[in-house]
Amino acid sequence: MTGRTARIERATKESKVLVELDLDGTGRADISTGVGFYDHMLTSFARHALVDLAVVTEGDTHIDAHHTVEDTAIVLGEALREALGDKQGIRRFGDALVPLDEALVQCAVDVSGRPYCVHVGEPDGQAYVVISGDSGPPYSGSLTRHVFETLAFHAQIAVHVRVLSGRDPHHLVETQFKAFARAFRDAVALDPRETGIPSTKGAL
């Protein structure tokens, strides 16, 4: 299998998003969403999933980060789905247990063709945390679950994220993105023993 790439553009009254990716990359990232912390998270995803990823988003960040973060996740999910093609030869399932200092997150991915997201374990109050930087509007902790729900729906994959421990808000979010990256990387990896589509139905 070659050429597992995608280029997706989407424009609304709230945002304009361009995503280009290569599933068989080396982890190169060129990310510009206007939300500094989200750029950091998508860069981390690309690096640890070994996906080459370019994202350019122009959103209504004068309001807040929500539309920009959500719409970027929509287009990224669509690009992941397109790049996967018919999913022939992939491992399909992937899982990872990833630490970041005091934080620990488990993620499992099934490239099933059926969107589903289970997201549990964040500490009370994490959804109300605001992570600020020098670039763009702050990132609300409530956006993390929304990103994974959106990615799962538009990529048509099942994603289970379990936060097992953690205290620092930055670490809690970053560990989730890294765990998802590693689980996704395993799930879309090509299996030399798999000669078809890894499903008894013959399609994913």
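Along the sequence shown, the residues carry numbers beginning at 1.
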Could you check if a side-chain atom of Leu42 sits within less than 4.5 angstrom of a side-chain atom of Thr72, using non-hydrogen atoms only?
yes
side-chain hydrogen bond (donor to acceptor under 3.5 Å, both in side chains) contacts touching residues 89-116 (sequence neighbours left out)
Arg92-Asp110, Glu102-His171, Gln106-Arg162
What are the two closest non-hydrogen atoms of Thr61 and Gly34, and how far apart are they?
CG2-O, 4.3 Å
Identify, with sequence neighbours excluded, every residue that meets side chain to side chain contact (heavy atoms under 4.5 Å, CB included) alongside Ser132.
Val130, Pro138
Run the side-chain contact (heavy atoms from CB on, under 4.5 Å) check on Phe184 and Leu80 step by step: do they pass?
CA-CA 10 Å; Phe184 182 81; Leu80 292 173; 3.7 Å; yes
Evaluate the side-chain proximity of Arg4 to Leu190: yes if any heavy-atom separation is below 4.5 Å, no if none is.
yes
One should read off an interatomic distance between His66 NE2 and Ser140 OG, to the nearest 0.5 angstrom, of 9.5 Å
Each residue besides Ile197 in its hydrophobic cluster should be listed here, by chain and number; the cluster joins Ile, Leu, Val, Met, Phe, Trp and Tyr at side-chain heavy-atom distances under 4.5 Å.
Leu204
Roughly how far apart are Asp52 CG and Asp22 CG, rounded to 0.5 Å?
5.5 Å
Would you find a donor on one side and an acceptor on the other, under 3.5 Å apart, between the side chain of Thr43 and the backbone of Asp39?
yes
Could you tell me which residues satisfy ring pair (Phe, Tyr, Trp, His ring centres under 6.0 Å) with Phe153, sequence neighbours excluded, listed by chain and number?
none
When you look at Val163 and Leu172, which way does the side-chain contact (heavy atoms from CB on, under 4.5 Å) test go after all the steps?
CA-CA 8 Å; Val163 178; Leu172 284 162; 3.7 Å; yes
Holding to side chain to side chain contact (heavy atoms under 4.5 Å, CB included), I want the full list of residues that pass it with Ala79, two or more places apart in sequence or in another chain.
Ala6, Ile8, Val19, Leu21
side-chain hydrogen bond (donor to acceptor under 3.5 Å, both in side chains) contacts in which one or both residues fall within residues 143-161, not counting sequence neighbours
Glu70-His146, His119-Arg145, Tyr139-Thr144
Any side-chain heavy atom of Val55 sitting closer than 4.5 Å to one from Thr33?
yes
Can you tell if the side chain of Phe93 reaches within under 4.5 Å of the side chain of Val109, non-hydrogen atoms only?
no
Option passing side chain to side chain contact (heavy atoms under 4.5 Å, CB included) with Val105 (candidates Leu100, Val161, Leu164):
Val161
With side-chain hydrogen bond (donor to acceptor under 3.5 Å, both in side chains) as the rule and sequence neighbours excluded, what pairs involving residues 188-204 come up?
none
Do the side chains of Leu76 and Ile74 get nearer than 4.5 Å, heavy atoms only?
no
Are Val98 and Leu104 side-chain neighbours, meaning at least one heavy-atom pair lies under 4.5 Å?
no
Any pair with a residue in residues 121-131 that passes side-chain hydrogen bond (donor to acceptor under 3.5 Å, both in side chains), sequence neighbours left out, goes on the list, sorted by first then second residue, please.
Glu122-Gln176
Shortest non-hydrogen separation from Phe45 to Ala181 and the atoms involved
O-CB, 3.5 Å
What residues form a salt bridge (charged side-chain N to carboxylate O under 4.0 Å, His left out) with Asp64, not counting sequence neighbours?
none
Give, for atom NE2 of His40 and atom CD1 of Ile31, the distance between the pair rounded to the nearest 0.5 Å.
12.5 Å
Could you tell me whether the side chain of Asp168 and the main chain of His170 form a donor-acceptor pair under 3.5 Å?
yes
Name all residues meeting the side chain to side chain contact (heavy atoms under 4.5 Å, CB included) criterion together with Thr12; count only those two or more places apart in sequence or in a different chain, and write none if there are none.
Arg10, Glu14, Ser15, Asp71
For residues Leu151 and Val159, determine if any side-chain heavy atom of one lies less than 4.5 Å from a side-chain heavy atom of the other.
no
Residues passing the salt bridge (charged side-chain N to carboxylate O under 4.0 Å, His left out) test with Arg47, sequence neighbours excluded, are none
The complete set of salt bridge (charged side-chain N to carboxylate O under 4.0 Å, His left out) pairs with one or both residues in residues 174-186, sequence neighbours excluded, reads Glu174-Lys178
Given side chains that start at C-beta, do those of Val147 and Phe177 come closer than 4.5 Å, heavy atoms only?
yes
Less than 4.0 Å between a side-chain N and a carboxylate O, is that true for Glu58 and Lys16?
no
side-chain contact (heavy atoms from CB on, under 4.5 Å) between Ile131 and Val173, worked out:
CA-CA 10 Å; Ile131 302 173; Val173 180; 4.2 Å; yes
